There are 2 protein chains.
Amino acid sequence: MPVRKGATIDPARTRAAILETATPLLYERGLDGIGVAELCARLGISKETLYRHFGTKDGLVEAMLEARSERVTRWLAEAAEAAGQDPADQLTAVFDALQEWYDDPVFRGCAMLNAAAQHHVASVRDITARHLDGYLELLTGIAERAGAADPSALGRQWLMLVEGATVVAAHHDAAGAGEHARQAALALLPAARTGPRD
Amino acid sequence: MPVRKGATIDPARTRAAILETATPLLYERGLDGIGVAELCARLGISKETLYRHFGTKDGLVEAMLEARSERVTRWLAEAAEAAGQDPADQLTAVFDALQEWYDDPVFRGCAMLNAAAQHHVASVRDITARHLDGYLELLTGIAERAGAADPSALGRQWLMLVEGATVVAAHHDAAGAGEHARQAALALLPAARTGPRD
DNA sequence: CATAGACCGTACCGCCCGGTTCGATGAGCC
DNA sequence: GGCTCATCGAACCGGGCGGTACGGTCTATG
């Protein structure tokens with residue numbers, strides 16, 4: 001069942017393959033750290049193919065970021081879900097998953113934050129903001145199920161711990177960043193059940 | 001009292017003036033977002049002068065980041081010091097100062113993090129790492145005076161809150177980011193006095 | 001008043017970047 | 001077998017980049 005009947009080698013599959021291969025390269029070298037020519041050479045495709053699928057280098061970047069944001073958010077959500085019903089367990093699962101990521105030798109921080117830090121095009125900034133939205137939604141959900149008096153505030157504090165741990169792991173020291181953040185996140189939980197002062 | 005006797009218009013002062021004027025431009029537009037030609041035009045200097053003082057655009061960038069890191073770290077340390085002896089007050093002063101920064105219309109996140117996210121040159125990454133070192137030292141000092149069982153761990157958690165708040169403020173929503181981070185930081189304090197479980 | 005050197009303005013250089021074009025190739029559909 | 005079209009590879013383009021060179025101006029010093 002080809003996506004386009006007139007197409008020969010299934011353009012949709014080609015597009016997906018380009019995205020998949022380009023993502024780690026753009027992540028490792030930075031969005032402006034690798035040119036279109038070298039990128040295509042590494043991908044084993046011609047520039048014409050790239051431009052037919054994405055129109056622009058920015059188009060590729062946006063599609064890549066969008067896909068990556070969805071992927072990583074879903075990955076964290078599934079880690080939380082797999083941890084069972086206890087909010088504390090879910091939180092622990094999230095930070096454990098993050099620590100795994102930090103320990104990966106290719107870890108270079110959050111791709112969306114990196115992108116927003118260099119490209120201040122509106123579209124990239126929007127993707128980053130929506131990415132943080134996704135994180136916030138996940139964390140706020142946990143806060144709600146934990147019976148927090150102000151779930152959105154607690155979710156936001158957890159979001160800061162997640163992003164702070166990622167920044168510290170990327171630019172300072174990855175060892176134990178997830179664990180330290182997890183301990184802090186868990187410490188916020190009991191105090192928040194019925195408010196800042198019980 | 002000229003810095004150099006043979007010099008006419010005091011090169012040291014010129015260099016300082018270049019740094020001072022270039023800093024906000026490079027911060028607002030991004031390191032690669034403004035070229036040397038436009039930069040010099042805005043500074044009102046010739047390219048030759050810039051290159052005589054800094055040798056390279058990267059040289060200017062490094063000098064700028066170094067100066068900015070020192071400035072902002074000293075600014076936070078002074079805010080803490082001015083808050084008196086109570087560690088909780090010092091912590092509050094730090095996050096209040098941060099919130100002021102977030103509310104500044106020119107706020108675009110931490111310049112050192114932004115720089116490290118795009119330029120993965122070793123020198124820039126080192127400056128960023130040392131910048132986080134400076135923050136960590138300040139926060140660990142507060143944790144020690146607060147009688148934390150593990151001051152370096154608590155300092156690191158506070159560092160994550162500081163950086164997380166800055167990231168969230170820059171890329172998601174600045175309103176109340178400092179306050180939320182401050183509440184979280186203060187909530188970590190009592191639990192950490194004698195350890196995670198009292 | 002002569003010398004040194006900080007500084008300006010502009011032209012210039014080579015390079016690389018994002019993006020376009022084109023002819024050739026080969027796979028799938030009617 | 002002919003049509004369509006995705007794809008390749010390579011040549012090409014204009015522009016902007018970081019960086020250099022140079023002639024001229026001004027200012028402090030001795």
Side-chain angles (χ1 to χ4, degrees), chain A residues 1-23 25-26 28-65 115 118-124, chain B residues 1-22 25-26 28-65 115 118-121 123-124:
Chain A
M1 186 175 57
V3 176
R4 284 185 186 180
K5 58 175 186 178
T8 46
I9 312 186
D10 195 349
R13 202 169 297 262
T14 303
R15 186 191 150 103
I18 292 177
L19 269 185
E20 190 179 342
T21 318
T23 298
L25 280 171
L26 289 167
E28 178 185 354
R29 303 267 300 263
L31 302 185
D32 292 339
I34 187 169
V36 172
E38 183 184 351
L39 193 57
C40 288
R42 302 255 184 158
L43 298 184
I45 65 167
S46 68
K47 292 172 90 175
E48 185 184 338
T49 300
L50 198 165
Y51 279 99
R52 182 159 14 85
H53 281 291
F54 299 97
T56 275
K57 188 184 185 184
D58 282 354
L60 168 66
V61 165
E62 289 167 23
M64 181 275 278
L65 290 175
Q118 52 197 289
H119 253 275
H120 3 146
V121 189
S123 59
V124 170
Chain B
M1 188 172 56
V3 175
R4 286 185 186 180
K5 58 176 185 175
T8 45
I9 311 185
D10 195 349
R13 202 168 295 262
T14 303
R15 187 190 148 102
I18 292 177
L19 270 183
E20 189 179 343
T21 318
L25 280 171
L26 289 167
E28 178 185 356
R29 303 267 299 263
L31 302 184
D32 292 339
I34 185 169
V36 172
E38 184 183 351
L39 193 57
C40 287
R42 301 256 185 157
L43 298 184
I45 65 168
S46 67
K47 291 173 94 176
E48 184 184 334
T49 299
L50 198 167
Y51 279 99
R52 183 160 12 87
H53 281 292
F54 298 98
T56 276
K57 189 186 184 183
D58 282 354
L60 169 67
V61 165
E62 290 168 22
M64 181 276 278
L65 290 175
Q118 53 196 287
H119 254 275
H120 3 145
V121 190
S123 60
V124 170

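A note on names: the letters A, B, ... follow the listed sequences, proteins ahead of strands, and every chain is numbered from 1. Scope of the values below: all heavy atoms of this structure, side chains included, with no hydrogens, waters or symmetry mates. Everything quoted here is computed from the prediction, not taken from an experiment.
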K.L.:
Quick one: is T14(B) getting a side-chain N or O under 4.0 Å of the dA6(C) phosphate, OP1 or OP2?
P.N.:
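Answer no for this pair, as no side-chain N or O of T14(B) is under 4.0 Å from OP1 or OP2.
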
K.L.:
With sequence neighbours left out, what residues match E62(B) under side chain to side chain donor-acceptor pair (under 3.5 Å)?
P.N.:
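S123(B).
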
K.L.:
Distance check needed: dT27(D) C1' versus R13(B) CZ, whole Å only.
P.N.:
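After rounding, the gap between these two atoms is 16 Å.
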
K.L.:
Any side-chain heavy atom of L60(A) within less than 4.5 Å of one from H53(A)?
P.N.:
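Counting from C-beta outward, L60(A) and H53(A) never come under 4.5 Å.
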
K.L.:
Can you list the residues that meet the salt bridge (Lys or Arg N to Asp or Glu O under 4.0 Å) rule with E38(A), with sequence neighbours excluded?
P.N.:
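Only R29(A), R42(A) meet the salt bridge (Lys or Arg N to Asp or Glu O under 4.0 Å) criterion with E38(A).
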
K.L.:
Can you sort out the partners of T21(B) under side chain to side chain contact (heavy atoms under 4.5 Å, CB included), two or more places apart, ordered by chain and number?
P.N.:
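By the side chain to side chain contact (heavy atoms under 4.5 Å, CB included) rule, T21(B) matches L43(B).
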
K.L.:
What pairs with T49(A) under side chain to side chain donor-acceptor pair (under 3.5 Å), at least two apart in sequence or on another chain?
P.N.:
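Expected list: S46(A).
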
K.L.:
Scan nucleotides 11-16 of chain C against the protein and return all N/O pairs shorter than 3.5 Å with their distances rounded to 0.1 Å.
P.N.:
none

K.L.:
Please figure out whether G35(A) or I45(B) has its closest DNA chain C nucleotide nearer the 5' end.
P.N.:
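Looking at DNA chain C, the more 5' nearest nucleotide goes with I45(B).
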
K.L.:
Can you name the residues that form a side chain to side chain contact (heavy atoms under 4.5 Å, CB included) with T56(B), not counting sequence neighbours?
P.N.:
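Residues passing side chain to side chain contact (heavy atoms under 4.5 Å, CB included) with T56(B): D58(B).
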
K.L.:
In whole Å, I'd like the distance from the CG atom of L31(A) to the P atom of dC17(C).
P.N.:
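The distance from CG of L31(A) to P of dC17(C) comes to 15 Å, rounded to the nearest Å.
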
K.L.:
Where along residues 48-61 of chain B does a heavy atom come under 4.0 Å from DNA chain C, residue by residue in number order?
P.N.:
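DNA chain C contact set from residues 48-61 of chain B: E48(B), T49(B), R52(B), H53(B).
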
K.L.:
Indicate yes or no for a side-chain donor-acceptor contact from K57(B) to the backbone of L31(B) under 3.5 Å, with no hydrogens or angles considered.
P.N.:
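Flag set: sc K57(B) to bb L31(B) pair under 3.5 Å.
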
K.L.:
Taking only residues two or more places apart in sequence or in another chain, which ones pass side chain to side chain contact (heavy atoms under 4.5 Å, CB included) with Y51(B)?
P.N.:
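Testing Y51(B) for side chain to side chain contact (heavy atoms under 4.5 Å, CB included), a comparison that skips the adjacent residues, returns V36(B), K47(B).
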
